[in-house]
Amino acid sequence: TSENFSTERMIPMCAAYKHLSPEARQEEFQKVTAHFEDLKARGLKLNMARGKPGKEQLDLVSDILTVLVNPADCVSDGTDVRNYGELTGIPAAKRLFADILGCKPEECIIGGNASLTLMYDTISKAYTHGLLHSEKPWSQLEKVKFLCPAPGYDRHFKITESFGAEMIVVPMTPTGPDMDLVEELVKDPAVKGMWCVPKYSNPDGIIYSDETVRRIAALKPAAPDFTLMWDNAYCVHEFDGPFVPFADIIALCREAGNPDMVWEYASTSKITFPGAGVSVMASSVDNIAYMEKLLTIQTISYDKVNQLRHVKYLQDKEHTLALMARHAEILQPKFQCVLRWLDTEIAPLEIASWQRPKGGYFVSVNTAPGLAKRTLALCKEAGVVMTGAGATFPYGKDPQDSNIRIAPSLPPVEELEQAFLAGCDAGRLAGFDPLFEGGEKNPGSAALAARAALLPHLFLQALVRRALTGPLVPEVIE
């Protein structure tokens, strides 16, 4: 696993401008300020807040719309999918997802287009009814705590926050959550679960190591209904290199004596259409039976026509991976563009570090402490909307105010390249490095104040370069 994750790589600082005079530094500052004002005057409107597939990816899979043509196409295993029935999903869809995830068909419930809905339903039912091994509904407990590896997925945190759970930050490491801390925290019976994105974590792009996954499966929580929320959102989403296999977490938990501890989730949102995909929740047969009883009251069935459409289109894991390789051909140049830009424009300044993911949908950047919020505010002033500062931490509070999530998937690669090249001037950015040293050597000096003021401007410059094409990006500008 380690070869699929590389920690931040910094290019050595250029020393060409170390001996700039104070006058020259001031002149450079004025240039950056003028450039920023020019950016604001362009009236840019570019939203990069979420990891959306680009138009080329959507067009790639649009032939799925023609899979079902005649009424006879709508029969699967003897069931007419246009009618009522099959609450937990058609058998063919269960076989498809079981093939992809490595679990068993009887361990699957097939849902609608968003796995997030299934995750919300799981937590909601824990509060209203309790889970299989709950002594009482969580809403009747004095306190519910939930472990949140961070940086993490903001929508996960919003779910548990919305129900009033106390969220506990677990730091991420290059191999996954800090397991020494996790193993200690689960000794508290009030700790009822943990969020996990085990492969290409959002936003860091980390793959949990085999050891981490085994330790998670073998946890001995004090709470009998401790729930592992295993969001395998990027299970087949490589964009750089071959497919990386992953363990069947349901089998591992069963073998470790925790057969009912995990709920696994996935969807086709970034395989076919985000707005018209199919989702799955997988767990032990006992958990599935318990959840089915609750779902019987909630709904008749999910969209079985769409389930069959995906079965006929994706066929099996092999064909799905072949399709994902075509998605990778579209995505890889975009991520390469972002990393090349970071290496060229930001690394010489030594004001940030970042991960180098091989899959998933994000690049996670950590600025110097205290800069993320200010940087993103300036981005907004210039018409560039990014994921909000702090969003990758519970309660929206990044303790270091440093994490920025970059989602490069939506704009076409040509526009990204134009954006990063337009106005790029690595030397101009690196020219401010002497201000950093001056501030560090003289904490009370004006140079330190200049550093605090300049860093967000510098980082903003690089962030908004993807938007510098102005009218050249009509599909993005609204």
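The first residue in the sequence is number 1, and the count goes up from there.
Side-chain contact annotation: Asn113 with Ser267, donor-acceptor N/O pair under 3.5 Å absent. Side chain to side chain, Asn366 and Ser353 fail the donor-acceptor criterion of an N or O pair below 3.5 Å. Side-chain polar atoms of Tyr120 and Ser162 form no donor-acceptor pair below 3.5 angstrom. Using a 3.5 Å distance cut-off with no hydrogens or angles, the side chains of Thr173 and Asp178 do not pair a donor with an acceptor.
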Can you list the steps and then say if Glu56 with Arg326 is a salt bridge (charged side-chain N to carboxylate O under 4.0 Å, His left out)?
CA-CA 11 Å; Glu56 188 177 359; Arg326 297 176 67 190; over 6 Å; no
Working for side chain to side chain contact (heavy atoms under 4.5 Å, CB included), residues Ile404 and Leu371:
CA-CA 10 Å; Ile404 292 176; Leu371 299 183; over 6 Å; no
Test log, rule side chain to side chain contact (heavy atoms under 4.5 Å, CB included), inputs Met194 and Ile216
CA-CA 10 Å; Met194 179 168 71; Ile216 291 174; 4.3 Å; yes
Stepwise side chain to side chain contact (heavy atoms under 4.5 Å, CB included) check, Ser115 with Ser269
CA-CA 9 Å; Ser115 57; Ser269 289; 5.9 Å; no
Assess the residue pair Arg309 and Val278 against the criterion (side chain to side chain contact (heavy atoms under 4.5 Å, CB included)); give the C-alpha distance rounded to whole Å, side-chain angles, the decisive distance to 0.1 Å, and a yes or no.
CA-CA 10 Å; Arg309 184 183 294 121; Val278 177; over 6 Å; no
Before giving the answer on salt bridge (charged side-chain N to carboxylate O under 4.0 Å, His left out), spell out for Arg95 and Asp77 the whole-Å C-alpha distance, their side-chain angles and the decisive distance to 0.1 Å.
CA-CA 12 Å; Arg95 292 193 295 268; Asp77 292 314; 3.1 Å; yes
Side chain to side chain donor-acceptor pair (under 3.5 Å) between Ser279 and Tyr302, worked out:
CA-CA 10 Å; Ser279 60; Tyr302 294 98; over 6 Å; no
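Under a 3.5 Å cut-off, the side chain of His310 and the backbone N or O of Asn306 do form a donor-acceptor pair. Proximity of a side-chain donor or acceptor of Gln57 to a complementary backbone N or O of Gly54 within less than 3.5 Å is detected. Remark: the backbone N or O of Asp260 is paired with a side-chain donor or acceptor of Asn287 at under 3.5 angstrom. Although no hydrogens or angles enter the test, the distance criterion places a donor-acceptor pair under 3.5 Å between the side chain of Asp316 and the main chain of His319. With hydrogens and angles disregarded, a donor-acceptor distance shorter than 3.5 Å links the side chain of Thr122 to the backbone of Leu118. Asp401 places a side-chain N or O within donor-acceptor distance of the main-chain N or O of Lys373, the cut-off being under 3.5 Å. Gln307 contributes no side-chain N or O that, together with a main-chain N or O of Ala93, makes up a donor-acceptor pair within less than 3.5 Å. Although no hydrogens or angles enter the test, the distance criterion places no donor-acceptor pair under 3.5 Å between the side chain of Asn232 and the main chain of Ala266. A donor-acceptor contact shorter than 3.5 Å links the side chain of Lys304 to the backbone of Gly85. Side chain of Ser134 to backbone of Pro137: no donor-acceptor contact under 3.5 angstrom is found.
In this structure, Ser402 and Thr367 have side chains that are in contact, with non-hydrogen atoms separated by less than 4.5 Å. Counting heavy atoms from C-beta outward, Lys199 and Glu238 have side chains that approach closer than 4.5 Å. Using a 4.5 Å cut-off on side-chain heavy atoms (C-beta onward), Thr66 and Tyr313 make no contact. Put simply, the side chain of Lys270 reaches to within 4.5 Å of the side chain of His237, judged on heavy atoms. Counting heavy atoms from C-beta outward, Val280 and Tyr265 have side chains that stay 4.5 Å or more apart. In this structure the side chain of Glu183 reaches within 4.5 angstrom of the side chain of Leu219, judged on heavy atoms. No side-chain heavy atom of Arg215 sits under 4.5 Å from any side-chain heavy atom of Val182. For the pair Ile90/Ile110, no side-chain contact is recorded, criterion being any heavy-atom separation below 4.5 Å from C-beta on.
The minimum heavy-atom distance between Leu132 and Tyr290, with the atom names listed, is N-CE2, 3.8 Å. Closest of all the heavy-atom pairs between Thr212 and Gly176 is CG2-CA, 4.4 Å. The minimum heavy-atom distance between Trp354 and Leu342, with the atom names listed, is CH2-O, 3.4 Å. Across Pro203 and Phe362, no two heavy atoms sit closer than the pair O-CB, 3.8 Å. Pro151 approaches Met172 most closely through the heavy-atom pair O-CG, 3.8 Å. Cys103 approaches Ile250 most closely through the heavy-atom pair CB-CD1, 4.0 Å.
The line from CG of Leu60 to CG of Leu323 is 5.5 Å long, rounded to the nearest 0.5 Å. Expressed to the nearest 0.5 Å, how far OG of Ser284 lies from CG of Asn258 amounts to 11.0 Å. One finds the CG atom of Asp73 at 11.5 Å from the OG atom of Ser76 (value rounded to the nearest 0.5 Å). Taking OG of Ser209 as the start and CZ of Arg214 as the end, the distance is 7.5 Å to the nearest 0.5 Å. Between atom CG of residue Leu96 and atom CD1 of residue Ile100 there is a gap of 4.5 Å, rounded to the nearest 0.5 Å. Glu264 contributes atom CD, which lies 4.5 Å from atom CG of Leu101 (distance to the nearest 0.5 angstrom).
Salt bridge Asp343/Arg356: present, at least one basic N to carboxylate O contact under 4.0 Å. Using a 4.0 Å cut-off between a side-chain N of Lys or Arg and a carboxylate O of Asp or Glu, Lys158 and Asp154 do not qualify as a salt bridge. Using a 4.0 Å cut-off between charged side-chain N and carboxylate O, Glu107 and Arg254 make a salt bridge. The pair Lys136-Asp225 does not meet the salt-bridge criterion, since no charged nitrogen lies less than 4.0 angstrom from a carboxylate oxygen. Checked for salt-bridge contact, Glu166 and Lys192 miss the test: no charged N lies under 4.0 Å from a carboxylate O.
For Lys397, the NZ atom is loosely surrounded, since the number of other residues' heavy atoms within 6.0 Å does not exceed 12. Heavy-atom neighbours of Lys125 NZ from other residues, nucleotides or ligands within 6.0 Å: above the threshold of 12. For Gln315, the CD atom counts as densely surrounded, since its 6.0 Å shell holds more than 12 non-hydrogen atoms of other residues, nucleotides or ligands. More than 12 heavy-atom neighbours from other residues, nucleotides or ligands sit within 6.0 angstrom of CD on Gln298.
Screening Phe163, Tyr127, Phe157, Trp195 for a ring pair (Phe, Tyr, Trp, His ring centres under 6.0 Å) with Phe146, the sole residue that qualifies is Trp195.
Ring planes of Tyr234 and Tyr361: parallel class, angle under 30° (limits at 30 and 60°).
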